[in-house]
Amino acid sequence: MKHVGLFGGSFDPVHVGHLRAALEAAEHVGLDELRFVPCAVSPGKPRPHASGSLRREWLRQAIGDRPGWQVDDRELRRGGVSYTVETLAEIRETEPDARLYWMVGSDAFCGLHGWREADRLGRLAHWIVLLRPGFEDRLPPPQAPDWCRSGTTDDPAKLRRDPAGGVLYLPVTPLGISATAVRARIRRGQRLDYLVPEPIRGTLERADCYDPP
Ligand code: ATP
């Protein structure tokens, strides 16, 4: 049985907060594969500043040849608003035997009740909630679907045994880095050392897609 982590987001652009959290989740649960899933348009956010192809390319360069890590660009190919429920349903259909773990930051998880078919999301995958500074004590929010409470566990072995519906809150190394702050630095012409992966640092520092309109 293959254990597959799926990390969705805008990645506008990818930064070391994403990569470090993903690595720690993969280690903790013992994932065989980790796939970054850049969205076309996130349901809850404005359209990303950088194009899908740029965001995908930066992710590819950031990951490099790390074994088992890849970019899954199905949401970019599908276009339109990217609903996680559609993405997970598609993957389940093509890979019925894989265990799927959707990874999400605690800030995003706080709004899960507003996601399309939130009740169904717990039947399609396990959920690894990456605790970001400032959001720990609000989880799960009162409006969260029932599976968010009933599935809670801190035992990764339980997740590996059960088909779906587990929720594991993972205290990853707190790195208060956001793509918003990275974009602001690019606009101001500031350096990005140690905030973004080195292979894409120079390209991002010169990126004109984050200039003010
Ligand atoms: P933005 O600032 O543009 O809103 P972001 O930095 O939050 O972006 P996203 O691409 O929206 O990045 O994030 C993808 C996923 O990664 C989300 O689930 C988000 O919560 C999580 N995430 C982002 N930054 C971190 C971080 N520093 N530590 C842990 N998780 C993170």
Side-chain angles (χ1 to χ4, degrees), residues 5-29 31 34-63 69 71-73 75-76 81-85 87-88 100-116 118 121 125-141 144 148 167-188 192 194-197 200 204 207 209-210 212:
L6 301 161
F7 194 9
S10 308
F11 303 109
D12 186 24
V14 61
H15 52 70
V16 301
H18 296 128
L19 296 170
R20 181 67 212 174
L23 177 70
E24 292 184 15
E27 262 179 5
H28 190 75
V29 180
L31 299 177
L34 180 57
R35 304 178 194 162
F36 292 81
V37 188
C39 66
V41 180
S42 167
K45 281 186 176 184
R47 184 172 285 278
H49 302 255
S51 68
S53 46
L54 272 179
R55 291 180 290 120
R56 175 179 54 205
E57 186 51 33
W58 294 333
L59 271 168
R60 285 196 180 133
Q61 290 178 28
I63 291 169
W69 286 31
V71 180
D72 178 335
D73 67 354
E75 293 188 348
L76 298 178
V81 178
S82 305
Y83 292 105
T84 303
V85 69
T87 305
L88 276 174
L100 305 181
Y101 302 77
W102 191 265
M103 296 161 37
V104 61
S106 44
D107 55 319
F109 193 73
C110 282
L112 187 91
H113 51 279
W115 293 24
R116 179 173 280 192
L121 290 170
H126 289 308
W127 287 69
I128 305 179
V129 183
L130 312 163
L131 296 177
R132 289 181 84 173
F135 292 89
E136 299 81 346
D137 49 353
R138 295 195 234 154
L139 293 163
C148 293
V167 182
L168 188 142
Y169 294 100
L170 187 66
V172 290
T173 301
L175 295 170
I177 304 174
S178 68
T180 305
V182 171
R183 291 193 299 272
R185 294 190 73 84
I186 296 171
R187 258 183 234 120
R188 293 194 294 260
L192 300 178
Y194 317 124
L195 291 174
V196 302
I200 57 171
L204 287 178
C209 54
Y210 296 125

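Remember, it's 1-based here, ligands and their atoms both numbered in the order they're listed.
When each of P140, P141, C148 is checked for a side-chain contact (heavy atoms from CB on, under 4.5 Å) with H113, only P141 meets the rule.
Within the 4.0 Å heavy-atom cutoff, R20 does not count among the residues contacting ligand 1. In this structure, F7 is part of the shell of residues with a heavy atom less than 4.0 angstrom from ligand 1. Under a 4.0 Å heavy-atom criterion, R183 is in contact with ligand 1. At least one heavy atom of G8 sits closer than 4.0 Å to an atom of ligand 1. Remark: distances from the non-hydrogen atoms of I177 to ligand 1 include one below 4.0 Å.
At the shortest separation from atom 26 (C) of ligand 1 among protein heavy atoms lies R132 NE, 3.5 Å. In terms of protein heavy atoms, atom 10 (O) of ligand 1 is closest to F11 N, 2.8 Å. In terms of protein heavy-atom proximity, atom 11 (O) of ligand 1 is nearest to K45 NZ, 2.6 Å. When only non-hydrogen protein atoms are considered, atom 13 (O) of ligand 1 lies nearest to H18 NE2, 3.3 Å. Protein heavy atom closest to atom 5 (P) of ligand 1, with residue, atom name and distance, is A179 N, 3.8 Å. In this structure, the protein non-hydrogen atom closest to atom 27 (N) of ligand 1 is L175 O, 2.8 Å. The nearest protein atom to atom 17 (C) of ligand 1, hydrogens excluded, is given as G105 N, 3.9 Å; this is a heavy-atom distance.
Listed for the S82 side chain is a donor-acceptor partner under 3.5 Å among the backbone atoms of A40. Of the possible donor and acceptor atoms, none in the side chain of R116 sits under 3.5 Å from a partner among the backbone N and O of V85. The closest donor-acceptor contact from the side chain of R20 to the backbone of T173 lies at 3.5 Å or more, if one exists at all.
Two rings, from F36 and W69, have their centers less than 6.0 Å apart.
Not a single N or O atom of G176, backbone or side chain, sits closer than 3.5 Å to an N or O atom of ligand 1.
Every atom of ligand 1 is numbered from 1 in the order shown, and the set under 4.0 Å from a heavy atom of T180 is 1 (P), 2 (O), 3 (O), 4 (O). Proximity to V104 (heavy-atom distance under 4.0 Å) selects the following atoms of ligand 1: 18 (O). Close approach to D107 involves these atoms of ligand 1, each under 4.0 Å from a residue heavy atom: 19 (C), 20 (O).
In R47, the CZ atom is not crowded: 12 or fewer heavy atoms of neighbouring residues, nucleotides or ligands sit closer than 6.0 Å.
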side-chain contact (heavy atoms from CB on, under 4.5 Å) between D12 and R183: does it pass, once the steps are laid out? CA-CA 8 Å; D12 186 24; R183 291 193 299 272; 3.7 Å; yes
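Heavy-atom minimum distance, P197 versus V14: CD-O, 4.2 Å.
Below 30°, between 30° and 60°, or above 60°: for H15 and H18 the angle between ring planes is below 30°, a parallel geometry.
A cation-pi arrangement is not found for R187 relative to Y210, the charged atom failing to lie both closer than 6.0 Å to the ring centre and inside a 45° cone about the ring normal.
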